[in-house]
Amino acid sequence: MSIDKALNEIKRATAEIIDFEAIEKLVTDYFESGKEYSVKLGLDPTSPDIHLGHTVILQKMATFQKYGANIQLIVGDFTASIGDPTGKSETRKVLSFEEIEKNAATYKEQIFKVLDESKTTVYFNSEWLDKLGSRGMVQLTREYSVARMLERDDFEKRYKSGKSISVSEFLYPLMQGYDSVALKSDIEIGGTDQKFNILMGRHLQRSYGVGKEQAVLLMPIIEGLDGVQKMSKSLNNYIGVTDAPNDMFAKIMSVSDELMWRYYDLLSSKSIEEIERLKAGVEGAEVHPKKVKEDLAYEITARFHSEDDAKAALEAFNKQFKQNQIPDDIPEFDLEEGIWICKALVESGIEPSTSQGRRDIKQGAVRINQEKIGDEQLKLSKGEYILQVGKRKFAKVKVG
RNA sequence: GGUGAGUUACUCAAGUGGCCAACGAGGGCAGACUGUAAAUCUGCUGGCUUUCGCCUUCGGAAGUUCGAAUCUUCCACUCACCA
C-alpha cells in the first residue's frame, strides 16, 4: 500500500480539507516510522440512533484507522445539555442527563459496526468541561468576539430572519473547540455544517498554546432519499442503521440513479477504481443500473446486519416489487365479522384514519387479495384476506 | 424597562365578522408510465360506522355577537427600534 494511494482514499469524496499538508505529514510519518496520530470526532448524543448520513464520516474514520489513526470519539454529554445550534432554525430542546447516557450507549453500539474498536477511545466531554468551572468558562468566552460568532452562517441567517438565538448557543462552538484543546487532536472530522465549530478547535488550540493546530477534514452532507434535501430524521428521508434489513434494502433501491453514485462515493467500501469501472459499465450499457444499485443495497445491508440478512432482503425485494408478490412476513390481525373496510385498514395499521382509507379507495390504491376495490362501503365477511394499500403497505387479516 | 410588529394545518404563506376545514407553494400519499427507479402527467392531503351529513381546528384563556381565524381583554412566546 503506497502513501499516495492512502492519501487518495483519504481525499475521496471530501468536501473540504484544511491544512492537507499536515495530514500528508502524519500519514507519511506513519508509513515511515509507525508513529500514530489522533483523529477526533464529536458526537451529539441527542438522537438515539444514527442514519447513513452519520456513517459517511464513520466510513472516513475507518479509512484513517487503516493508515495509523487512533480515533478520539467524543460523546458531547456536556455540550448536549446546551444543544448544537447547527442547522437549526430554532433553539434546540435540551435533553435530560439520563436520556443522553442512554443515547450514548446506543450510539457506540452502532458505531462499532463500522469502526475498529481497538483503535478507538471514547471520551465524555463533561470530563474536562465540568472541571472548567465558571472562571474557566468566562476565560473561554474571551477567546472569541460576538461579531465573529455572528459570522457563522446559521447564526447570521437566524439573526437576519428574526429568529431567536440563545446566548448559551454561543458557548457550543467554544466548548466543542475546547475538546480539541483537552485532547490535543491532530485531525478533526465532521460534516460541512460543522466547519465553524471545528475551525474553532484550531483557533483555540492556538490560543491555549497546545503546540499544534488540528487539520480539518469536512465530509459533504449526504442527500436523503429525495435526493435534494440533506438526510435527516426530521425530514423523514433517512436510512437508519437500525432499519430492518428489508426496509434498508428497499430504501436504497428507491433512490435515483444519480443519487446512487453519490451514495457509492460516500458509503461504499469499494475502491475508487472499482466504482469508476461500474460507472463506465453503466454508461456503455454493459451493466444494468438496477444491478449496480442492488449491489450497493446489498453491501450496505450486509454491513449493518449480515450477509444472510442481505441475501434474504434481496430476494424479498424482488419478490415484492419485481414479481408483484406479497411479502412473506406481514403483520396479522384478528377482526370482527362485518367490519367496515376503512375501519379494517385502520385497525391493521396500514391507514392512519378511515378518512384517509376512504380517499385511497376512491383512488384505487386499496386491494384485497390483490384485487383492486372501488366500494368504500364494503364490509368484510368471514374469512382471511390480504389487505394492501399502494405498493408497500400490507396486512393479513382474519375476520370472524 | 419603553414603543411598535407578529404567532394560521408537516413547512412557508393567504385570509381582517357569515361564501372557511380555511387560497397558493413546497413536502407527503396514491394512480398512470417504469427498473419499487428518477423525470413527467393526474388526483388527494383535519377527523368521524358510513361523507351533498356531523364534529374539532387558525399561540393560550375569557368575552362581544344570531354568527369569530377575523372584534375586545388578559396571558405566553418571537422580532425590530430605543434604553
Side-chain angles (χ1 to χ4, degrees), chain A residues 87-93 155-167 169 223-239 243 246-264 282 285 287-298 301 313-327 335-347 349-367 370-380 387-394 399:
Chain A
K88 290 288 156 180
S89 52
E90 278 166 42
T91 305
R92 269 205 183 179
K93 288 187 186 68
F155 280 147
E156 195 189 348
K157 272 190 201 136
R158 277 163 65 185
Y159 191 68
K160 279 191 176 151
S161 69
K163 298 263 167 54
S164 79
I165 301 170
S166 147
V167 173
E169 291 177 76
E223 292 81 359
L225 297 173
D226 52 85
V228 180
Q229 290 187 277
K230 66 171 190 174
M231 184 176 286
S232 89
K233 203 166 186 179
S234 51
L235 292 170
N236 198 28
N237 63 357
Y238 70 103
I239 303 170
D243 282 356
N246 286 5
D247 285 346
M248 186 179 273
F249 195 97
K251 279 183 183 177
I252 296 168
M253 288 307 288
S254 78
V255 306
S256 71
D257 290 359
E258 206 185 327
L259 190 60
M260 166 178 82
W261 294 120
R262 181 91 171 132
Y263 279 18
Y264 256 111
V282 169
V287 188
H288 196 290
K290 185 174 178 248
K291 172 79 177 77
V292 180
K293 207 181 284 176
E294 270 174 0
D295 288 348
L296 178 69
Y298 187 94
T301 308
L314 172 66
E315 278 166 29
F317 176 81
N318 280 328
K319 193 176 164 199
Q320 182 178 350
F321 294 107
K322 207 171 177 179
Q323 299 156 33
N324 269 320
Q325 286 179 14
I326 292 157
L335 301 173
E336 278 172 33
E337 194 174 346
I339 190 166
W340 176 36
I341 176 64
C342 292
K343 193 76 181 168
L345 291 169
V346 175
E347 293 279 316
I350 53 182
E351 287 286 24
S353 69
T354 54
S355 298
Q356 182 63 44
R358 189 190 296 273
R359 287 192 285 267
D360 280 337
I361 290 171
K362 263 184 207 156
Q363 294 198 98
V366 177
R367 288 160 197 269
Q370 316 245 48
E371 288 291 317
K372 204 177 274 192
I373 59 162
D375 179 14
E376 57 188 74
Q377 310 285 347
L378 189 76
K379 286 189 170 72
L380 296 180
L387 304 183
Q388 179 182 356
V389 176
K391 278 174 234 166
R392 52 190 79 202
K393 281 174 282 185
F394 294 90
V399 177

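All values reported here derive from a predicted model rather than from experimental measurement. By convention in this document, chain letters (A, B, ...) are assigned in the order of the sequence lines, proteins followed by strands, and residues within each chain are numbered from 1.
With RNA chain B read from its 5' end, the first of the two nearest nucleotides for A:Ser355 and A:Lys293 is the one closest to A:Lys293. A residue-by-residue look at A:Arg367 and A:Ile339 shows that A:Arg367 has its nearest nucleotide of RNA chain B further toward the 5' end.
Taking atom P on both B:C20 and B:A69, the two are 13 Å apart, rounded to the nearest angstrom. Of the P atoms belonging to B:A25 and B:U42, the separation is 12 Å, rounded to the nearest Å. Nucleotides B:U45 and B:C52 place their P atoms 14 Å apart, quoted to the nearest Å. Between B:C12 and B:C58, the distance separating the two C1' atoms is 15 Å to the nearest Å. To the nearest whole angstrom, the two P atoms, one in B:U57 and one in B:C41, are 38 Å apart. Of the P atoms belonging to B:A5 and B:G18, the separation is 23 Å, rounded to the nearest Å. For the P atoms, the distance linking B:C81 with B:U11 amounts to 27 Å, nearest Å. Rounded to whole Å, the separation between the C1' atoms of B:C29 and B:U78 comes to 33 Å.
For A:Pro289, taking side-chain heavy atoms from C-beta onward, the closest of the listed nucleotides B:G35, B:C33, B:C48 is B:G35. Proximity note for A:Ala365 (side chain, C-beta onward) versus B:A30, B:G47, B:G28: the nearest is B:A30. When each of B:G35, B:U49, B:G28 is scored by its nearest atom to the side-chain atoms of A:Asp226, the top-ranked nucleotide is B:G28. In this structure, the nucleotide among B:G35, B:C29, B:C48 sitting nearest to the side chain of A:Lys393 is B:C29.
What you find for A:Ala313 and A:Phe249 is that their closest heavy atoms are CB-CB, 3.8 Å.
Nucleotide B:C33 has no partner under the Watson-Crick or G-U criteria, as no pair reaches both atom distances under 3.5 Å. A 3.5 Å limit on both hydrogen-bonding distances identifies no Watson-Crick or G-U partner for B:G67. As the counterpart of B:U16, no nucleotide is assigned, since no Watson-Crick or G-U wobble pattern has both distances under 3.5 Å. Using N1 to N3 plus N6-O4 or O6-N4 for Watson-Crick, or N1-O2 and O6-N3 for G-U wobble, each under 3.5 Å, B:C52 pairs with nothing. When Watson-Crick and G-U wobble pairs are counted only if both distances are under 3.5 Å, B:U78 pairs with B:A5. Pair check for B:G28 finds B:C44; Watson-Crick or G-U wobble, both atom distances under 3.5 Å. Base pairing of B:U72 is made with B:A62, judged by Watson-Crick or G-U wobble geometry with both donor-acceptor distances under 3.5 Å. Of all nucleotides present, none satisfies the Watson-Crick or G-U wobble test against B:A38 with each distance under 3.5 Å.
In this structure, A:Lys362 contributes its side chain and A:Glu376 its backbone to no donor-acceptor pair below 3.5 Å. Judged by distance alone, with hydrogens and angles left aside, the side-chain atoms of A:Lys343 form no donor-acceptor pair with the main-chain N or O of A:Thr354 at under 3.5 Å. Side-chain N or O atoms of A:Gln388 include one that pairs as donor or acceptor with a backbone N or O of A:Gly390 at under 3.5 Å.
The pair A:Glu294-A:Lys290 counts as a salt bridge, with a side-chain nitrogen and a carboxylate oxygen less than 4.0 angstrom apart.
Proximity of A:Leu225 to A:Ile239: side-chain heavy atoms (C-beta onward) are separated by under 4.5 Å at one or more points.
Within the 4.0 angstrom heavy-atom criterion, no nucleotide atom of any strand lies near A:Lys362. Within the nucleic acid shown, A:Val255 comes within 4.0 Å of sugar-phosphate atoms alone, with no base atom in reach, counting heavy atoms only.
A straight line from CG of A:Leu345 to P of B:C48 spans 12 Å, rounded to a whole angstrom. Rounded to an integer number of Å, the gap from A:Trp261 CH2 to B:A38 P is 18 Å. For A:Glu351 and B:G47, the CD to P distance is 10 Å, given to the nearest whole Å. Atoms CD (A:Glu223) and P (B:A38) sit 16 Å apart, rounded to a whole Å. Residue A:Lys230 contributes atom NZ, which lies 17 Å from atom P of B:U11 at whole-angstrom precision. For A:Asp360 and B:A30, the CG to C1' distance is 6 Å, given to the nearest whole Å. Per the geometry, CD belonging to A:Gln356 stands 14 Å off C1' belonging to B:G31, to the nearest Å. Computed from coordinates, the A:Tyr263 OH to B:A38 C1' distance equals 13 Å when rounded to whole Å.
A sub-4.0 Å separation between OP1 or OP2 of B:C48 and a side-chain N or O of A:Ser353 is present. Between B:G47 and A:Arg359, a contact under 4.0 Å exists linking OP1 or OP2 to a side-chain N or O.
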- In sequence, state the C-alpha distance, the side-chain angles, and the governing distance for A:Gln370 and A:Arg367, and then conclude on side-chain hydrogen bond (donor to acceptor under 3.5 Å, both in side chains). CA-CA 5 Å; A:Gln370 316 245 48; A:Arg367 288 160 197 269; 6.0 Å; no
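Side-chain atoms of A:Gln363 and base atoms of B:G43 include a donor and an acceptor less than 3.5 Å apart. Under 3.5 Å, the side chain of A:Asp257 and the base of B:G35 form at least one donor-acceptor pair of N or O atoms.
For CD of A:Glu336, the number of neighbouring non-hydrogen atoms (other residues, nucleotides, ligands) closer than 6.0 Å is 12 at most.
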